[in-house]
Amino acid sequence: MAFTGSRPSPTHVLAHLSDTHLIAGGGLLAGHIDTEAQLRKALKRVESSGERVDALVISGDLADSGDPAAYELLRDIVDPVVTRLGCALVLTGGNHDERRPMARTLHGVDTDAPQDTVTDCGGLRVIAVDSAVPGYHHGGFSDDQYAWLATELATPAEHGTILVIHHAPITYRSPVMQLLDFDDVDRLRDVVEGSDVRAVLSGHLHVTSFGALGSVPVIVAGGVSYVDDVGAPRELLMGVDGPQSWNLVEVHADQVVATVVPIEQHKTWPALSEAVTEFMETVPEADRREVFSRKRT
């Protein structure tokens with residue numbers, strides 16, 4: 001049966017992936033991870049979710065070393081999925097990407113300039129800003145990027161804005177990764193505060209994490225390629241093949257909700273028995289909350 005929720009459905013749904021670290025030609029990342037297979041598995045889960053996805057967002061470190069062939073592979077894998085979903089595609093660069101080959105292959109322009117984009121998804125504005133600092137692994141924006149972002153945010157969007165950047169503007173537990181932080185969080189906070197930015201979507205940390213940039217939530221997608229072992233001592237930086245994931249981001253009129261979706265398809269079973277389902281079909285919709293919620297001895 002189709003249960004009717006007690007709250008309205010989200011106005012927009014985003015599938016947020018990050019850190020694909022694609023390697024073309026069948027190479028393995030760190031000798032362990034088949035990044036092409038990982039991305040294909042992640043996108044299969046996106047499609048099988050049955051969600052009406054408005055945008056597929058991949059927040060940086062698209063390729064592991066800026067290889068043009070890796071960006072071509074990304075297009076080969078992603079474009080058919082975007083077509084089937086009928087959704088927008090939002091990409092931004094990360095510290096493992098290289099701007100010129102990325103711009104050539106993904107945006108059709110020959111330049112070293114960042115390819116910052118604005119995508120309208122039915123009134124929800126998704127702004128992607130390349131936070132990679134050329135020649136370095138830490139993140140930040142140029143003065144021109146800050147000026148461009150402020151100009152874009154000066155006019156509110158109908159359903160607000162989602163900001164996508166690779167380097168998460170929050171404090172992560174790893175002292176090693178802190179050396180590769182976004183370099184001017186205060187300045188970014190000043191630009192975002194008071195605007196219509198509803199949430200910041202990021203990657204870089206290879207672990208699902210949450211924080212805030214002033215009053216704006218920051219949602220970090222766990223790596224599609226590999227994950228930081230958060231159970232290891234914080235002084236270490238240990239990669240682990242699992243539990244890779246992506247985030248289902250639901251935008252409501254009054255809130256933004258993110259849910260972690262594992263890439264691996266685990267064993268499942270019906271949480272409601274057939275008997276319960278059949279009984280609930282006989283209950284009038286107005287009474288279902290009372291009947292379904294009440295505890296019985």
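Along the sequence shown, the residues carry numbers beginning at 1.
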A.B. asks: Looking only at heavy atoms, which two atoms of I263 and R45 are closest? And how far apart?
C.D. replies: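 Looking at all heavy atoms of both residues, the shortest contact is O-CG, 3.2 Å.
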A.B. asks: Return yes if some donor-acceptor pair links the side-chain N/O of R234 with the main-chain N/O of R173 below 3.5 Å, else return no.
C.D. replies: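 Looks like yes, one N/O pair under 3.5 Å.
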A.B. asks: Report yes or no: does S293 contribute a side-chain atom to a donor-acceptor pair with the main-chain N or O of E290 at less than 3.5 Å?
C.D. replies: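 Absent.
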A.B. asks: Quick one: closest heavy-atom pair of D196 and A157, and the distance?
C.D. replies: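 Where D196 meets A157 most closely, the heavy atoms are OD2-N, 2.7 Å.
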A.B. asks: Are any side-chain N or O atoms of Q115 and backbone N or O atoms of A113, one a donor and one an acceptor, separated by less than 3.5 Å?
C.D. replies: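 Yes; judged by distance alone, with no hydrogens or angles, the pair exists.
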A.B. asks: Are V261 and V82 joined in one hydrophobic group, where the rule is that I, L, V, M, F, W and Y side chains link up if heavy atoms are under 4.5 Å apart?
C.D. replies: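 Yes; tracing contacts between hydrophobic side chains, which count when under 4.5 Å, links both residues.
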A.B. asks: Are L213 and V129 linked, directly or through other ILVMFWY residues, by side chains that come within less than 4.5 angstrom of each other?
C.D. replies: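 Same hydrophobic cluster.
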A.B. asks: May I ask you to check whether over 12 heavy atoms, not counting those of R7, lie within 6.0 Å of atom CZ?
C.D. replies: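 Not more than 12 within 6.0 Å, no.
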A.B. asks: Can you measure from CG (L14) to CG (L124) and round to the nearest 0.5 angstrom?
C.D. replies: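 Here the interatomic distance stands at 6.0 Å.
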A.B. asks: Are V216 and V251 connected in a single hydrophobic cluster, I mean Ile/Leu/Val/Met/Phe/Trp/Tyr linked by side-chain heavy atoms less than 4.5 Å apart?
C.D. replies: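 Unlinked, V251 and V216 end up in two clusters.
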A.B. asks: Check for me whether the distance between the ring centres of H12 and H252 falls short of 6.0 Å.
C.D. replies: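 So the answer is no for these two rings.
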A.B. asks: Kindly confirm or rule out a cation-pi arrangement of R187 over F141, judged by NZ or CZ under 6.0 Å from the six-membered ring centre and within 45° of its axis?
C.D. replies: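 No - R187 does not lie over the ring of F141 by the 6.0 Å and 45° rule.
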A.B. asks: Does the side chain of K44 reach to within under 4.5 Å of the side chain of V81, using non-hydrogen atoms?
C.D. replies: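 Counting from C-beta outward, K44 and V81 never come under 4.5 Å.
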A.B. asks: Got a donor-acceptor contact below 3.5 angstrom from the D228 side chain to the V230 backbone?
C.D. replies: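 Such a contact is absent between D228 side chain and V230 backbone.
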A.B. asks: First locate atom CD1 of I77, then atom CG of L22, and finally report the distance between them rounded to the nearest 0.5 Å.
C.D. replies: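 So the gap between those two atoms works out to 5.5 Å.
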A.B. asks: If you compare all heavy atoms of D130 against all heavy atoms of P114, which two are closest, and at what distance to 0.1 Å?
C.D. replies: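 Answer, listing the atom of D130 first, then P114: CB-CB, 3.9 Å.
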A.B. asks: Show the numbers, then the answer: is there a side chain to side chain contact (heavy atoms under 4.5 Å, CB included) between D143 and W148?
C.D. replies: CA-CA 9 Å; D143 290 340; W148 176 84; over 6 Å; no
A.B. asks: Please step through side chain to side chain contact (heavy atoms under 4.5 Å, CB included) for the pair V46 and W246, ending with a clear verdict.
C.D. replies: CA-CA 9 Å; V46 172; W246 55 277; 3.6 Å; yes
A.B. asks: Side-chain contact test, heavy atoms from C-beta onward, threshold under 4.5 Å: evaluate it for L28 versus I33 and give yes or no.
C.D. replies: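 Not touching, per the 4.5 Å side-chain cut-off.
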A.B. asks: Ignoring hydrogens and geometry, is there a side-chain-to-backbone donor-acceptor pair from D61 to N95 under 3.5 Å?
C.D. replies: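 Yes: the side chain of D61 pairs with the backbone of N95.
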A.B. asks: Do H16 and S59 get their side chains close enough for a donor-acceptor pair, meaning under 3.5 Å?
C.D. replies: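 Distance-only check passes for H16 and S59.
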A.B. asks: I'd like to check M280 versus V291 (side-chain heavy atoms, cut-off strictly below 4.5 Å). Are they in contact?
C.D. replies: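 Answer yes - side chains close enough.
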A.B. asks: Before accepting this row, confirm whether a basic side-chain N of the pair D112/R100 lies closer than 4.0 Å to the acidic partner's carboxylate O.
C.D. replies: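 Looking at D112 and R100, the cut-off is met.
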A.B. asks: Quick check on side-chain hydrogen bond (donor to acceptor under 3.5 Å, both in side chains): which of H166, H96, H137 does H204 satisfy it with?
C.D. replies: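 With H204 as partner, H166, H96, H137 yield a single side-chain hydrogen bond (donor to acceptor under 3.5 Å, both in side chains), made by H166.
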A.B. asks: Using a 4.5 Å cut-off on heavy atoms from C-beta on, say whether the side chain of D241 contacts that of H32.
C.D. replies: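 No, side chains not in contact.
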A.B. asks: Hydrophobic clusters here meaning ILVMFWY residues chained together by side-chain heavy-atom distances under 4.5 Å, can you tell me if V13 and L17 are in one?
C.D. replies: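 Yes, V13 and L17 fall within the same hydrophobic cluster.
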A.B. asks: Is R198 reaching over with its side chain to a backbone N or O of H159, donor-acceptor style, under 3.5 angstrom?
C.D. replies: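 Pair found, side chain donor or acceptor close to backbone of H159.
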A.B. asks: Hey, does L248 have a side-chain heavy atom less than 4.5 Å from the side chain of V53?
C.D. replies: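 Result no, sub-4.5 Å side-chain heavy-atom pair not found.
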A.B. asks: Show your working on side chain to side chain contact (heavy atoms under 4.5 Å, CB included) between L149 and I127 and close with a plain yes or no.
C.D. replies: CA-CA 8 Å; L149 178 59; I127 299 180; 4.0 Å; yes
A.B. asks: Got a second to check how far D116's CG is from D144's CG, nearest 0.5 Å?
C.D. replies: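 Going from CG on D116 over to CG on D144, the span is 10.0 Å.
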A.B. asks: Under the 3.5 angstrom rule, does the side chain of T20 hit a backbone N or O of L39 as a donor-acceptor pair?
C.D. replies: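 Side chain of T20 to backbone of L39: no pair is present.
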A.B. asks: Just by distance, do the side chain of Q178 and the backbone of Y172 share a donor-acceptor pair under 3.5 Å?
C.D. replies: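 Side chain of Q178 to backbone of Y172, a donor-acceptor pair under 3.5 Å: yes, one is there.
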A.B. asks: Does H21 have its ring centroid less than 6.0 Å away from the ring centroid of H206?
C.D. replies: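 Ring-ring flag for H21/H206: true, centres closer than 6.0 Å.
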A.B. asks: Could you measure the distance from the CD1 atom of I58 to the OG atom of S18? Nearest 0.5 Å is fine.
C.D. replies: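 Going from CD1 on I58 over to OG on S18, the span is 8.5 Å.
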A.B. asks: Can D97 and Y71 be counted as having a side-chain donor-acceptor contact under 3.5 angstrom?
C.D. replies: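 A pair is found: one side chain offers a donor N or O, the other an acceptor, under 3.5 Å apart.
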A.B. asks: Atom CG in L201, atom CD1 in I165: separation rounded to 0.5 Å?
C.D. replies: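 Interatomic distance, L201 CG to I165 CD1, rounded to 0.5 Å: 9.5 Å.
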A.B. asks: If only atom types and distance count, is the side chain of R125 paired as donor or acceptor with the main-chain N or O of T119 below 3.5 Å?
C.D. replies: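 Not a single qualifying donor-acceptor pair exists.
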A.B. asks: Minimum heavy-atom separation for P101 to G66, with atom names?
C.D. replies: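 So the minimum-distance heavy-atom pair works out to CG-O, 3.3 Å.
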A.B. asks: Would you please test R104 and V109 for side chain to side chain contact (heavy atoms under 4.5 Å, CB included) and show each step?
C.D. replies: CA-CA 5 Å; R104 283 174 173 168; V109 292; over 6 Å; no
A.B. asks: Please give me the minimum heavy-atom distance between L91 and A128, naming the atom from each residue.
C.D. replies: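 Shortest heavy-atom contact: O-CB, 3.9 Å.
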A.B. asks: Is the side chain of Q38 donor-acceptor paired with the backbone N or O of V224 at a distance under 3.5 Å, no angle test?
C.D. replies: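 Checked: pair present.
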A.B. asks: Might you point out which heavy atoms bring G139 and V133 nearest each other, and give the distance in Å?
C.D. replies: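 Closest pair (atom of G139, atom of V133, distance): C-CG2, 3.6 Å.
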A.B. asks: If we only count heavy atoms from C-beta on, is the P134 to R99 side-chain gap below 4.5 Å?
C.D. replies: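 Answer yes - side chains close enough.
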A.B. asks: Applying the 4.5 Å side-chain criterion to the ILVMFWY set and letting contacts propagate, would V200 and L153 be lumped into a single cluster?
C.D. replies: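 Linked within one cluster.
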A.B. asks: Would you say R84 and E47 make side-chain contact, with heavy atoms under 4.5 Å?
C.D. replies: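 Yes, at least one pair of side-chain atoms sits under 4.5 Å.
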A.B. asks: To the nearest 0.5 Å, what is the distance between CG (D34) and OG (S225)?
C.D. replies: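 These two atoms lie 11.5 Å from each other.
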A.B. asks: Could you tell me if the side chain of V218 sits less than 4.5 Å from the side chain of P169, heavy atoms only?
C.D. replies: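 Yes, at least one pair of side-chain atoms sits under 4.5 Å.
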A.B. asks: For F210, is the CZ atom crowded, meaning more than 12 foreign heavy atoms sit under 6.0 Å from it?
C.D. replies: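 It does: F210 CZ has more than 12 such atoms within range.
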